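For ligands, and for the atoms within them, numbers begin at 1 and follow the listed sequence. Every value quoted in this text rests on a predicted model; they were computed, and no experiment measured them.
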Amino acid sequence: MTDVEALRQQVAGLMPKVRQDLERLVRIPSISAAGYDAEPVRTSAEATAEILNDAGLAARVIDGEGGHPAVIGSISAPDGAPMVLLYAHHDVQPTGPEELWSTPPFEPTERDGRLFARGAADDKAGVMVHAAAIRAWDGRPPVGVSVFIEGEEEAGSEHLPDLLARYADHLRADAVILADSTNWRVGQPALTTSLRGLVGCTIEVRTLDHAVHSGMYGGPIPDALTALCRTLAALHDERGTVAVPGLKSEPSDPLDLQEDEFRAWAGVRPGVEMIGEGGLTERLWTKPAAYVLAIDAPRTKEAPGQLVPSVRATVGLRVAPGDSAADAVGALVDHLKASVPWGAELTVLDSFSGEPYRV
Ligand SMILES: [Zn+2]
């Protein structure tokens with residue numbers, strides 16, 4: 001029988017060390033995106049392995065062939081006890097424009113009781129959750145533990161299938177805990193038992209062989225950017241409900257989440273309406289969501305007086321549990337093709353898909 005109160009006290013006593021280790025990790029700019037220096041990602045993998053070793057786990061850095069290094073480690077199971085696989089990732093997203101940060105992105109700074117820095121939450125805190133759990137048991141938890149800390153989650157996990165295959169024996173487990181999700185609200189822990197899948201595609205819309213002068217040709221001839229805007233507008237109906245036919249959704253129990261609170265977290269501007277139908281929990285967890293991720297088109301500062309001949313856009317779709325990623329990306333592509341106006345040419349250049357999940 002576990003003495004929960006003793007464990008709680010043990011965890012509280014560990015927090016200064018956990019905080020110190022977290023700050024050490026977030027000072028390493030382990031950006032995994034293409035075009036950034038790969039060396040800090042290796043430094044971050046090495047630091048992660050050290051922290052886990054220090055917590056009582058035999059951990060080491062492993063190389064994904066052509067990818068960023070991951071960290072694996074394990075503690076064997078006591079007789080008859082199950083194995084639990086602990087997942088997190090030690091790489092981070094690029095910072096974006098640094099002048100938009102209130103404090104430097106790789107300098108952990110406490111404000112209002114929270115620690116701010118790139119990766120402080122996503123997902124170096126996840127690494128620390130696992131290390132702290134092992135420390136809380138003095139390195140001898142009542143279950144066997146495997147740890148897998150990925151180094152390129154933020155860059156699309158291209159080498160993850162290879163690593164999973166190569167280290168299958170090491171990673172075999174009865175349960176997996178991913179510490180890369182969200183708390184329900186600050187100070188209130190949560191278990192995530194379902195996640196929407198993620199699919200999308202990049203399309204090109206073309207109306208002309210080449211650009212032509214808008215004064216000489218504008219009127220009878222459609223430009224590609226207007227055709228793209230009308231195509232993208234078909235992703236939602238007037239209320240903002242996803243209008244792609246054939247996507248599945250499910251009911252969901254309402255949770256204690258108020259619209260005002262949710263708007264404030266997201267920073268929604270005062271007059272902007274919430275879109276879609278049904279409860280907030282359903283719209284967030286068990287219904288699809290569609291959005292435009294990017295458009296390649298002439299820049300406003302350089303806009304010439306021409307009819308734009310071709311443009312590209314990337315569209316994303318969150319797929320409800322119970323749906324299939326392949327069906328959803330097929331439905332998305334069919335809908336975009338059916339929605340492009342005036343006979344404009346629509347080509348799908350690329351697509352991506354990840355399955356939804358429910359425990
Ligand atoms: Zn993450």
Side-chain angles (χ1 to χ4, degrees), residues 18 21-34 36 38 40-45 47-49 51-52 59 61-62 64 67-73 84-96 101 105-106 108 114-133 146-161 163-164 171 176-186 188-200 265-266 284-285 289 291 293 316-319 321 325 352-359:
V18 170
D21 285 345
L22 176 59
E23 293 198 10
R24 176 187 173 193
L25 275 190
V26 301
R27 283 196 168 90
I28 306 168
S30 53
I31 300 168
S32 56
Y36 287 83
V41 190
R42 173 158 297 280
T43 307
S44 158
T48 298
I51 289 167
L52 290 170
V61 175
I62 55 167
H68 291 296
V71 178
I72 60 169
V84 178
L85 174 61
L86 306 177
Y87 170 94
H89 61 89
H90 68 88
D91 62 316
V92 299
Q93 286 278 352
T95 61
W101 285 73
F106 296 105
R114 308 199 77 185
L115 194 68
F116 286 81
R118 170 58 91 227
D122 185 7
D123 183 34
K124 288 170 174 175
V127 176
M128 296 319 306
V129 165
H130 296 326
S146 284
V147 174
F148 180 70
I149 311 293
E150 196 186 353
E152 54 179 33
E153 194 272 348
E154 301 287 13
S157 297
E158 190 188 335
H159 301 87
L160 181 61
L163 289 174
L164 293 182
L171 299 172
V176 183
I177 297 175
L178 288 99
D180 188 21
S181 194
T182 182
N183 280 6
W184 194 237
R185 58 169 59 81
V186 175
Q188 189 173 340
L191 289 175
T192 301
T193 57
S194 76
L195 269 186
R196 291 184 293 188
L198 172 60
V199 304
W265 292 343
L284 279 172
W285 294 90
Y291 38 84
L293 287 164
L317 188 68
R318 295 278 166 178
V319 182
F352 52 93
S353 70
E355 294 292 342
Y357 186 77
R358 181 177 42 205
V359 172

Practice problem: Output the distance between atom CD (Gln93) and atom CD (Glu153), rounded to the nearest 0.5 Å. | Solution: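 Reported to 0.5 Å precision, the distance equals 8.0 Å.
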Exercise. Calculate, to the nearest 0.5 Å, the distance between atoms CD1 and CG belonging to Ile72 and Leu163 respectively.
Key: 9.0 Å
Quiz item: Is there an N/O/S atom in Glu154 that lies less than 2.8 Å from the Zn ion (ligand 1)?
Solution: no
Quiz item: Is the distance between the Zn ion (ligand 1) and the nearest N/O/S atom of Asp123 smaller than 2.8 Å?
Solution: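 No, Asp123 does not qualify, because none of its backbone or side-chain N, O or S atoms lies under 2.8 Å.
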Exercise. For the Zn ion (ligand 1), find the closest N/O/S atom on Asp122 and give its atom name.
Key: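 Looking only at N, O and S atoms of Asp122, the one nearest the Zn ion (ligand 1) is named OD1.
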Exercise. Give the atom name of whichever N/O/S atom in Asp180 sits closest to the Zn ion (ligand 1).
Key: OD1
Practice problem: Carefully, step by step, assess Val41 and Tyr36 under the rule side-chain contact (heavy atoms from CB on, under 4.5 Å). | Solution: CA-CA 10 Å; Val41 190; Tyr36 287 83; over 6 Å; no
Self-check item: Member of His68, Lys124, His90 meeting the side chain to side chain donor-acceptor pair (under 3.5 Å) criterion with Ser30
Solution: Lys124
